[in-house]
J.: 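Below you will find the structure I want to go over with you.
In what follows, chains are A, B, ... by sequence order, proteins preceding strands, each numbered from 1. Keep in mind the model is a prediction, meaning the values are calculated, not measured.
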Amino acid sequence: MPENVCNDFSITIATVNGSGSQTANVTLLRALFKMGIPVSGKNLFPSNIQGLPTWYTIRVSGEGYTARREEQEVVVTLNPASFARDLASVKPGGAFYYADDIKMPLEREDIAIYPMPVKALSRAADVSPSLRDYIANMVYAGILAEMIGIDMQAIQQALSFHFNGKEAPVTSNFNVIQAAAEWARQNLKKRDPFCVEALDKTEGMILADGNTAAALGSIYGGVQFAAWYPITPASSLAEALNIYLPQLRKAEDGKATYAVLQAEDELAAIGMTVGAGWSGLRAMTSTSGPGLTLMGEYAGLAYYSEVPVVVWDVQRIGPSTGLPTRTAQGDLSEVYFFSHGDTQQVILLPGSVTECFEFGWMAFDLAERLQTPVFVLSDLDLGMNQWMTQPFQYPETPMDRGKVLWEGDLEERNGVWGRYKDVDGDGIPYRTVPGNQHRASAWFGRGTGHDEQARYTEDSKTWEEMMKRLKRKFETARGLVPAPMVDIMKGATMGIIAYGSSEPAVVEARAHLAKERGLKSDFLRLRALPCSEEVGEFVRQHERIHIVEANRDGQLCQILRAVMPDQAAKLHSAAHSDGLPLTAKWLQEAILNEEEKK
Amino acid sequence: MPENVCNDFSITIATVNGSGSQTANVTLLRALFKMGIPVSGKNLFPSNIQGLPTWYTIRVSGEGYTARREEQEVVVTLNPASFARDLASVKPGGAFYYADDIKMPLEREDIAIYPMPVKALSRAADVSPSLRDYIANMVYAGILAEMIGIDMQAIQQALSFHFNGKEAPVTSNFNVIQAAAEWARQNLKKRDPFCVEALDKTEGMILADGNTAAALGSIYGGVQFAAWYPITPASSLAEALNIYLPQLRKAEDGKATYAVLQAEDELAAIGMTVGAGWSGLRAMTSTSGPGLTLMGEYAGLAYYSEVPVVVWDVQRIGPSTGLPTRTAQGDLSEVYFFSHGDTQQVILLPGSVTECFEFGWMAFDLAERLQTPVFVLSDLDLGMNQWMTQPFQYPETPMDRGKVLWEGDLEERNGVWGRYKDVDGDGIPYRTVPGNQHRASAWFGRGTGHDEQARYTEDSKTWEEMMKRLKRKFETARGLVPAPMVDIMKGATMGIIAYGSSEPAVVEARAHLAKERGLKSDFLRLRALPCSEEVGEFVRQHERIHIVEANRDGQLCQILRAVMPDQAAKLHSAAHSDGLPLTAKWLQEAILNEEEKK
Amino acid sequence: MTAQPAANSGPVNKAGLGKGDYKGLPTTLCSGCGHNSIANQIIAACYELDIVPERIMKFSGIGCSSKSPTYFLSRSFGFNSLHGRMASIATGAMFGDRTLRAIGVSGDGDTASIGMGGFKHMVRRNVPMTYIVENNGVYGLTKGQFSATAEVGLKLKHQGTNSYMPVDICMEALASKATFVARSFAGDPKQVKELLKAALSHRGIAVLDIISPCVTFNNQENAIHSYTWGKDHEAPLHEISFVPALEEIELPGEFEAGEVREVTMHDGSTVVLKKLEKDYDPTDRSKAFQMLEEAERENLLVTGLIYIDTGKPTLIDTFNLVETALNRLGEKDLRPKQETLEKINAQMF
Amino acid sequence: MTAQPAANSGPVNKAGLGKGDYKGLPTTLCSGCGHNSIANQIIAACYELDIVPERIMKFSGIGCSSKSPTYFLSRSFGFNSLHGRMASIATGAMFGDRTLRAIGVSGDGDTASIGMGGFKHMVRRNVPMTYIVENNGVYGLTKGQFSATAEVGLKLKHQGTNSYMPVDICMEALASKATFVARSFAGDPKQVKELLKAALSHRGIAVLDIISPCVTFNNQENAIHSYTWGKDHEAPLHEISFVPALEEIELPGEFEAGEVREVTMHDGSTVVLKKLEKDYDPTDRSKAFQMLEEAERENLLVTGLIYIDTGKPTLIDTFNLVETALNRLGEKDLRPKQETLEKINAQMF
Ligand SMILES: Cc1ncc(C[n+]2csc(CCOP(=O)(O)OP(=O)(O)O)c2C)c(N)n1
Ligand SMILES: Cc1ncc(C[n+]2csc(CCOP(=O)(O)OP(=O)(O)O)c2C)c(N)n1
Ligand code: SF4
Ligand code: SF4
Ligand SMILES: [Mg+2]
Ligand SMILES: [Mg+2]
């Protein structure tokens, strides 16, 4: 038997959609996390409710890499429909676990193959027959735990977390797992090198998904109104609002300081959000590609009439309906140029789960400060998968409600003010909101041409000045949005720019390129558009820049070329999009190919 | 009295919206055109139906310049509301005609001022009192004609064209005009230099507006289905279909070979169009900014499921509702990146009224050949104003219906084919349409992931290949779309790129820059995206390129920088947008400022 | 809160305001447009109801009709939104300060064509708002195309003949369970005003379909939405006289023909319905359907209060919001305490 | 045109086709989903009506329900379009070859929420199509949120309690002047099939609201759209037995209670309605409204043919199109002669 390969491999579990394997999978993930081993879990599920194949991949990485890998060292399958494919997917030298009731050819000499008496063991368990299919998942969990060495106590902790402490389910599930483990101890001889060993590398980290983080961030940002329409992969964001708001945001008298409304469609969802933003509330909506596109007309109105709203776009792969359960970073150019006419939209690009929380509250400060829609582009990988991440940080700054005038402020000004007047030279005017009782408070909002007093006008000069002020405001935004994160390797002449969920692949690729190829690189993770100063500096300081993104056309690359023409020639696109998260392997090759050209 | 200034000045006529001055204005325009004098007429009207000020400007240019000018040499006003502004707008040395019932200060020594007894003369006319306000317009027409020397016969021709030959209205209007002219002869002494003289420079030209031309072009392109929703400035395009289709496209038995349907909104208009295109019809829709944005989701579906449709966007200034009766070229970047996910849209950019006709039929050939939506970006200036233009050319090529398989074709192939298979290597697959009776003809369209047989699949490789093929198809489009028009000045090192209705300003500016500043320039008028080879060549061949467009952000400039990064540094944006057509004066200054920087 | 009157002499109402305090900018609509007279009745109704302008929000979509909010209540906040999208922006805005009332002015194209979906869903949510449709059967602002309420067979220049069944806005409101449905005619200012006052006093969605002739594009003798047609075909359903009251009046129990019926509004004021011979009961939804269906078959234009239900909770009620206006809440109300986040982090594994 | 049968043995219909020629791909919906049984009835109905699959077009929006067109008639063209946008794409596609029939399958979210506007306008245009709503009161594909047809007070996981009035799809169809309105229950395959055959034989819009339980997300005892609820609350309006006929049968004139009533379809076949004691006449629109309004108040689920009008021209009729299918016309039909353009140019000045 070859020597152990410890804490550095991937496990893929193949089951049938709707068979309830999530509990078992997440339990394994949590147990590993509890053991202090860096993990990442990715759920590859079909756009269907029941019956189709679904895969869950857990990457175990002592070095802390969390990007997707293409190789599967350990594969577990309970699904006859995907059996052949699953068997073939095992890396030579790897391990294959399968439910022994599946009778299919097993021609592979180069891997260790372990049959699992899933039916037998689940029948043995004392649960109602209706639950047998579900409990089958605990069987593979137990066997796998035993075979790769997952600590049973960690498993029990994971379970009791999952069933938040409820005794009954915890024991019944745990019993099955232990029985399965016991069976494995008795009957299976380890013939593969893959195992885990406790570490201390998850100390102070948490496990969470981006949509929950975004919802919580919004709640700590004081969200008061959210209108949404269901769509994968964004639904769980609004649903998390429904779960956490009642816990966190009821007044003493039990009354609500918020309203969450399911609209009839996305046209209405953003319309309601704009109405709420205009009326002085911290208002948000969350959607994905198809819904986002339907929001274009209202996005243009909010931009031009300067209404603060926050729009979360949890990206899935498009165009069109595309693949609702596959990830991508393909909406960037649409949003940047969103709606007809000249628009420049402010975009936030969270790169981790904890940043989803941070941008959750920050987006409201920016939207109200800038009086403009703020788009936060997350994606399915970040939003729906469990990630190891830093704990959520309580907002370090007080809420910034922006330039709002109330009765008192108007009194001071003797009621003299102009809704669209650039008093401070930062392109940001002052506003009042409905309910203000001062007789000079009211103004009339519109998407048509207007002057500084918000009066309708067709005067060409006024139109042009209004549009120029909006451009000034965008410049102000440049200084307010979160600056990029930069990581330097001494002596690097080549730079990499990435954003959002692409970071893990970049981190891993950089390390390998430096170690294996002696190719050093500096890394800038963009966190917002418009680009703050640092981005231009970073680009100027490097001979070549590779722009990494999960789309076909190199959307960020196109935008950066447009905004820094004198640097455009050195901006190379490393773009790739097939619905799956980027891998370090692909990125290394992409960069090496490009580098060879020089 | 200063010496005559002949055939080189602008006339602006100020009236009240809804008072029926269009007949008089267009009659003057046509009469001048009949006299062989190059003219252009621009209607500056409010987004309102009755009562607000409206201006009509006629530019007379012996040299054939048709761009808007900022100076007004001759101003006529019948509107007290705009009187002061109108008076102020007269260029020193110019002429001011006003209805003498308007009693307002006339403090200007530097111009010739002519009162017109409009009320008196219209009362004198023998028309029903209800028509007096209308006939008042004929009074200024007559006086103006007399004072600047418009040929009465030409006026009569213009009238009889306007009332297509109907005796009664022609005479009653003409009588008033003559009476007014007679009055002017008797009572007004010419004290300004501005006059016209017959030329032969409109020989073989026609006068038409772009929306009518687009409708006619579509009809000669065989449009079979048009769904639309009213919106300024696009409505008159669909209405022209309603007018001309019955005349041109009824079968012998009087039955229709087409259907034009007013939808409930733009979401439906494009949906119906996509349905019709999918069912094998030459299908189109026409709209403007707000409606266009609503079409985004279906545009993405058409792109990804490869349905041929033609979308006319008659641009008005935005963002949002903006100014519905003002022009701009502001929708380019939205359309180029239209809809979520990775999309690349084919765009045609007509630069003249006759080209609106040409692209009207060509758009269908391209859409069906490429099996993709084709967007034609016109604008209010081109679409709603009367332009002197080349006669409409009958299509020189037969219709290209693209790769459609009927029963016979499938027989030959024994029913073996794949809807999304790239058989010919040009990225364009074959298609069948409903009604095909071959049992292998049917396929299932969808905006979700699909394989070469149009079957639903979530396979990542298949998704990626499908998207790469679409990219190949876009490369094929590059070779099929109309090539740019290039005009060379020997020895020029500087280049200008413009598109659409910006051409007249460029033509005039180039001439002046060369003549007055010795600054030579070559000119490329872009007619489509993606850019054909010639564009890259043109850019490479010049030291500096000025990209001229009527928007705030330099939208084409951004796109060109993104697609030719190695040339990006030399691409300078000359963009300006205030709702009015670009002027040569502005452009000269913009270019000179930029040139000084070097 | 009491209002700040303008420095204008002349009579004032209970709010201490003169008519002038309810005015808007001068209209830019065609002279003779039905929409103008409706705007004037809105001014009159608000004045007579002693409403403080700052306590009203105005909304509209896009169209000639949708322009009219600029022509009344300049002291009220307002939003002239997008074509067909008034419903959603108004729905969201209602949450800012739930003590405010809202008036929406839309057109038949704005509501029945592009806005149909939003309209229907706003109604079924019972958003507390007076929703006026200035119904002229055409697209005025875009110069005379058919709207969804144009009658079958109507001919318009460049548009041909309309061949689709017209949308009956009252029927649609009723089908979506509106709690207040009425129809009037711009040429009958008295009824328009009374119905407006009733609508403004209703807590819930109040749909007012007001036939408002377009003098410029739709005034053929034969057009349902033209003055001439309206004048001849009107069949007023019942007179309404509106009595502002200071204390609540209960709804009388059983009610016979000929009797006078009072429907109590949520603000305590009442609508007095003189019942006609044809014995119409505006609280009977089934009858309302029948009546509308019949009227439509007989090509009749029924005006008056068609249906009212004062019992349903409004959208806002269902959210059980805090007393303070949401848009006046501060950080301490909106940002949970730091400890709570620590608990959350502890849960995240 | 006669159909090309598959090389399959076994019984064939008048079109010479076996059941197999009407099958689709295997379903990917949940086992026990109401949508599956409806798909099977569509197959049966088309087989029994001897329809040639190539003469049918299938449409849908997005949702579990909207997936089902893949599960029947693989030999028919189809388009699985966008969420809520089936109406428009189908309307446009009808013009390609007007001799084709169309079946649309949508969901309650797809039609009554996001698709409300398109649905209503398609109905008022009387687009000749069988429009099926597989109504389960939830969003299945997005895992169990409320749809607009969910009843008030329904509770769902993570969604709270529904507080909006449910949309009654038959009522909406009727209000928009649908020419065929019916409701059924997926658990009653016989009635579903008969109504499908009637709908497929109707020339005009045929709206079929089929309660189709979502076993996964909406099968609480208390939910209107669950099997259990349906089974107890169904009150079949009248049995229908469908008799394909070869020659037209006229609609009998006056008709008394107890009598058997035949409604003649445009293709000559007829629906035989055994009239029930409650004496229901599906050609009386006013009664239909009353009946629905009542049923709703009594919380009853009425199934059967609710309304039919065989007299109205369809959208396509109104365009007076040439005989040949538009999509088979060639250049000579579509491109006017050169001379005509010279005339036009002469006019352009
Ligand atoms: C999305 C969009 N589509 C089209 C238009 C153009 N448009 C402006 S007003 C209008 C129709 C107005 O008709 P109606 O609502 O009946 O109002 P009216 O002018 O008749 O009072 C249309 C189609 C628009 N502004 N936005
Ligand atoms: C524009 C848009 N918004 C949202 C979605 C997400 N989505 C897919 S199916 C669906 C609802 C389906 O519900 P229903 O129509 O009732 O069909 P069911 O699944 O219940 O059969 C939604 C909201 C989408 N695909 N497109
Ligand atoms: S066009 Fe018609 S609707 Fe518009 S303002 Fe004039 S009269 Fe009123
Ligand atoms: S989720 Fe519900 S609607 Fe969707 S397939 Fe399953 S049972 Fe049917
Ligand atoms: Mg109207
Ligand atoms: Mg449903």
J.: Counting only N and O atoms by type, is there a donor-acceptor contact under 3.5 Å from the side chain of D/Lys120 to the main-chain atoms of C/Ala112?
T.: no

J.: Rounded to the nearest 0.5 Å, what separates atom CZ in D/Phe289 from atom CE in C/Met291?
T.: 12.0 Å

J.: Please determine, among C/Arg124, C/Gln290, C/Lys287, the option with the most heavy-atom pairs under 4.5 Å with chain D.
T.: C/Arg124

J.: As an exercise: rank D/Pro313, D/Gly117, D/Gly84, D/Gly115 by heavy-atom pairs under 4.5 Å with chain C and give me the winner.
T.: D/Gly117

J.: With a 4.5 angstrom heavy-atom cut-off, is it the side chain or the backbone of C/Leu315 that approaches chain D, or both, or neither?
T.: side chain

J.: What are the two closest non-hydrogen atoms of C/Ser286 and D/Glu293, and how far apart are they?
T.: CB-OE1, 3.3 Å

J.: Side-chain contact, heavy-atom cut-off 4.5 Å: D/Ser176 with C/Glu172?
T.: yes

J.: Chain C: which of D/Pro166, D/Ser113, D/Gly118 shares the most heavy-atom pairs with it under 4.5 Å?
T.: D/Ser113

J.: Within a strict 4.5 Å, meaning less than it, do heavy atoms of the D/Glu296 and C/Lys177 side chains meet?
T.: yes

J.: Compare every heavy atom of C/Ala175 with every heavy atom of D/Met171, then report the nearest pair and how far apart it is.
T.: CG-CB, 3.9 Å

J.: Going by heavy atoms in the side chains, are C/Arg285 and D/Arg297 under 4.5 Å from each other?
T.: no

J.: So which atom in D/His121 and which in C/Ala148 form the shortest heavy-atom distance, rounded to 0.1 Å?
T.: CE1-CB, 3.8 Å

